[in-house]
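Heads up, the thing below is written out as structure tokens.
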Protein chains: 2
Amino acid sequence: MPRDSFEPSSRRTPAVARLSPRRRVPEATSHTIRDIARLSGFSRSTVSLVLNGDPRIKPSTRQKVWAVIQKVGYEPNCMARSLARRRSMITAVVVPKISSHLFSDYYFSESMSGISDTLSAKGYRMIIEMVTDNFLKDGMHLRLFRECQIDGMLLVGTLDTDEYVGEVLSSGYTAVLVNSWRPGCSCVVADNMGGAASVMRHLSALGHKRIGFIGGLNSTTVGLQRDEGYRRGLLECGLPEATGLVEYGDFSEQSGYEAAKKLLSKKNRPTAVFACNDMMAVGCINCARDMGIAVPDDLAVVGADDIALASYFQPRLTTLHQPMYEVGCLATQVLLDKLAGVGEWPVKKVVLTQLVIRDSSGFSREGRVSGAARK
Amino acid sequence: MPRDSFEPSSRRTPAVARLSPRRRVPEATSHTIRDIARLSGFSRSTVSLVLNGDPRIKPSTRQKVWAVIQKVGYEPNCMARSLARRRSMITAVVVPKISSHLFSDYYFSESMSGISDTLSAKGYRMIIEMVTDNFLKDGMHLRLFRECQIDGMLLVGTLDTDEYVGEVLSSGYTAVLVNSWRPGCSCVVADNMGGAASVMRHLSALGHKRIGFIGGLNSTTVGLQRDEGYRRGLLECGLPEATGLVEYGDFSEQSGYEAAKKLLSKKNRPTAVFACNDMMAVGCINCARDMGIAVPDDLAVVGADDIALASYFQPRLTTLHQPMYEVGCLATQVLLDKLAGVGEWPVKKVVLTQLVIRDSSGFSREGRVSGAARK
DNA sequence: TTGTATGCGTTATCAT
DNA sequence: ATGATAACGCATACAA
């Protein structure tokens, strides 16, 4: 009983209840695939096949259908398509909420740009979720998959201690970690360990023997890896792991200031300091200034991240540039490959970092030195 | 012919074609509303009503149904719900793509945070779209509504010359402009005009008579309004609109440098400069330094935006703080109100700006002065 | 190659 | 108060 094709102007009409036309107010009267079928004289399926570029459709048919589509300005409904295809073309990007000023952090902004560019180039859309207490309480990390039908998830800069990450990864859904590292899952990270080691070689080459370290949170991958890189650098340069040369902060300027205070108050204070990120480097330099220690003359300071401030601060910061844009792009590509069913899985990728030499380490002209890659 | 309720374990079974069970691999076997109906012994409709908190449902039924929902961890499918409800609970946030480093700009990052917080508090999700050439070519601005069924759109910092904005607004879809201004539509902006005037009063109070202005792009609302505020400020302070005191840039540091060069090369150069944004203020100060003009002693400089750099730059920048977080929140609220059918429409809202006095204008301690509100 | 029938998971209408 | 069923708009085995 064909009840589809030749009903001139109405939607599929039920056998009996012709009395109450179910059509709701067609406010913006957008067309459906039915309209195209009717107008073009083909069936819905044919239109659908044309829409999806199926090669089985005869060219002449294809053209006729497309002509109608163009003419009436038909656009397929994503929701309906997702429902039928069971694939939403939507990716969630989950970012930690650090204060309420998340997006201003270079680290995240750069990765977001890379992610966004790569996703939209492939026709994917992204929804952004910030990890708040509510996010966790509502179990949003899994609801995004189940309720919202997202195809995949990018987890940016998560902590080793974030439990929800484990839940996502073990749930069987597709996810990639951006700049954090866990065994058994796909991760794309900047080569912080190798980069940190290159910082140490740089300072060592300048003649420094006592190089201090202001660490960050070792629950973060960057914190941990830069810490390891510091130690590896000492080894490579043949420097002893002297005591009293390491203090930890929490990545904030304030914590960098306080760590520096401890470091610089010692009888045998370091002549150079590698701070785990730029903000702590800034704190360190401010502390040195307050203590009457000149940077870079009496103390060389190197940061990491290469935030915008780094090149405007006085002295301009020598720092380890982390190519977060590239990391974002690559991570997204890994995710999309998996969704497309190509490539390996899981996969680990490392993007090289670069040492940007400015003034705070005693050089006066800017230059770049490639960081070491871990192969 | 009831074919729904008492089919123990299978989906709706067609009269004949029982041979080929259409069910595809239920990979992650998530439950549907049918499962809940079956398990609880009620109909799909009842479950749906329970799910949506309909008051007509008897409390005992409500409890029984919820018990099952909790037990099996059922979560409704957004796509199906959106399709049926014709409302997606998704909002698009459209931001201009300035270089590839969009998110690093304070202006946008702050507004995004406000938008994100407000949306997620109301159960809305946001998808972020950057305006690129492709965005425009594909007609994405309207496709988002038609294809993706977004409920509303927030347009952040658009230019007066952006044509797609007009198309969105005239299309009948719901949209709010964030920090830009057009007649006949809903806008939420920072009070840049009043704020700029307060900058002028500040400089005038410091004794400056010749106050220069480095304008931005007057195709932007902030550019235009700060320009107007500059002139209004001159008037309020009884200063003449002298010639040769105004130059324009494009908001970049470089353009600020060049504008300053012209301004400061004149025989009768200004003793103070109000730059339309912080980056141009930085360029101006760098230029002054290169010309041997001391800031703030020989030249007072005030910027606008209060980007993170402002308090780290030397000298620390006196600047007009623009509460973009609040602007983002408010704009989102306006949008959601409209979607909920409450409040007026269209609506114009102005958020006060604040003058943050630091070192570049000659003061040594930080302080805040409320900007003037336009009523 | 094209058409038919049905499914995707939910909401909304109407009848009971 | 609850149940049955038709939308919602598209995709897709399978038949023709």
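Because only heavy atoms are used, hydrogens play no part in the values below, and waters and symmetry mates are left out as well, while side chains stay in. Every chain is numbered from 1, with letters handed out A, B, ... down the list of sequences.
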Rounded to the nearest 0.5 angstrom, the CH2-SG distance for A:W345 and A:C185 is 8.0 Å

Of the candidate nucleotides C:dT2, D:dG9, C:dA12, which contains the atom at the shortest distance from the side chain of A:A80? D:dG9

Check A:R125 with B:E147, please: is the shortest side-chain N to carboxylate O separation under 4.0 Å? yes

So how far is it from B:I128 CD1 to A:M126 CE, rounded to the nearest 0.5 Å? 5.0 Å

Nearest whole Å is fine: how far is C:dG9 P from B:D35 CG? 9 Å

Let me know the distance between CZ of B:R87 and P of C:dT10, rounded to the nearest Å. 19 Å

A:R86 CZ to D:dC10 P, straight-line distance once rounded to whole Å: 18 Å

Got a second to check how far B:Q149's CD is from B:F145's CZ, nearest 0.5 Å? 11.0 Å

Output the rounded distance in Å from CZ (A:F42) to P (C:dT1). 13 Å

Does A:R44 contact C:dT6 through a side-chain donor or acceptor facing the base, at a distance under 3.5 Å? yes

In whole angstroms, how far is the P atom of D:dA6 from the CG atom of B:L83? 17 Å

Just the rounded figure in Å: distance from C1' of C:dG7 to CE of A:M79. 19 Å

Choose from C:dT2, C:dA5, D:dA11 the nucleotide whose nearest atom is closest to any side-chain atom of A:T46. C:dT2

Tell me which nucleotide among C:dC8, D:dT2, C:dA12 gets nearest to the side chain of B:R85. C:dA12

How many whole angstroms separate atom NE2 of B:H31 from atom C1' of C:dC8? 17 Å

So do the side chains of A:I115 and A:T91 get within less than 4.5 Å of each other, counting heavy atoms only? no

If we ignore angles and hydrogens, is there a donor and acceptor under 3.5 Å between the side chains of B:N77 and A:R86? no

Is B:S43 close enough to D:dG3 that one of its side-chain N or O atoms is under 4.0 Å from OP1 or OP2 there? yes

Between C:dA12, D:dC10, D:dT12, spot the one nearest the side chain of A:S45, thanks. D:dT12

Measure from CD1 on A:I69 to C1' on D:dC10 and round the result to the nearest Å. 13 Å

Hey, can you tell me if A:H141 and A:Y164 have their rings parallel, tilted or perpendicular (30° and 60° cut-offs)? perpendicular

Does any residue of residues 48-68 of chain A have a heavy atom under 4.0 Å from DNA chain D, and if so, which ones, in number order? A:S48, A:N52

Among D:dC8, D:dG3, C:dT10, which nucleotide sits nearest the side chain of B:P76? C:dT10

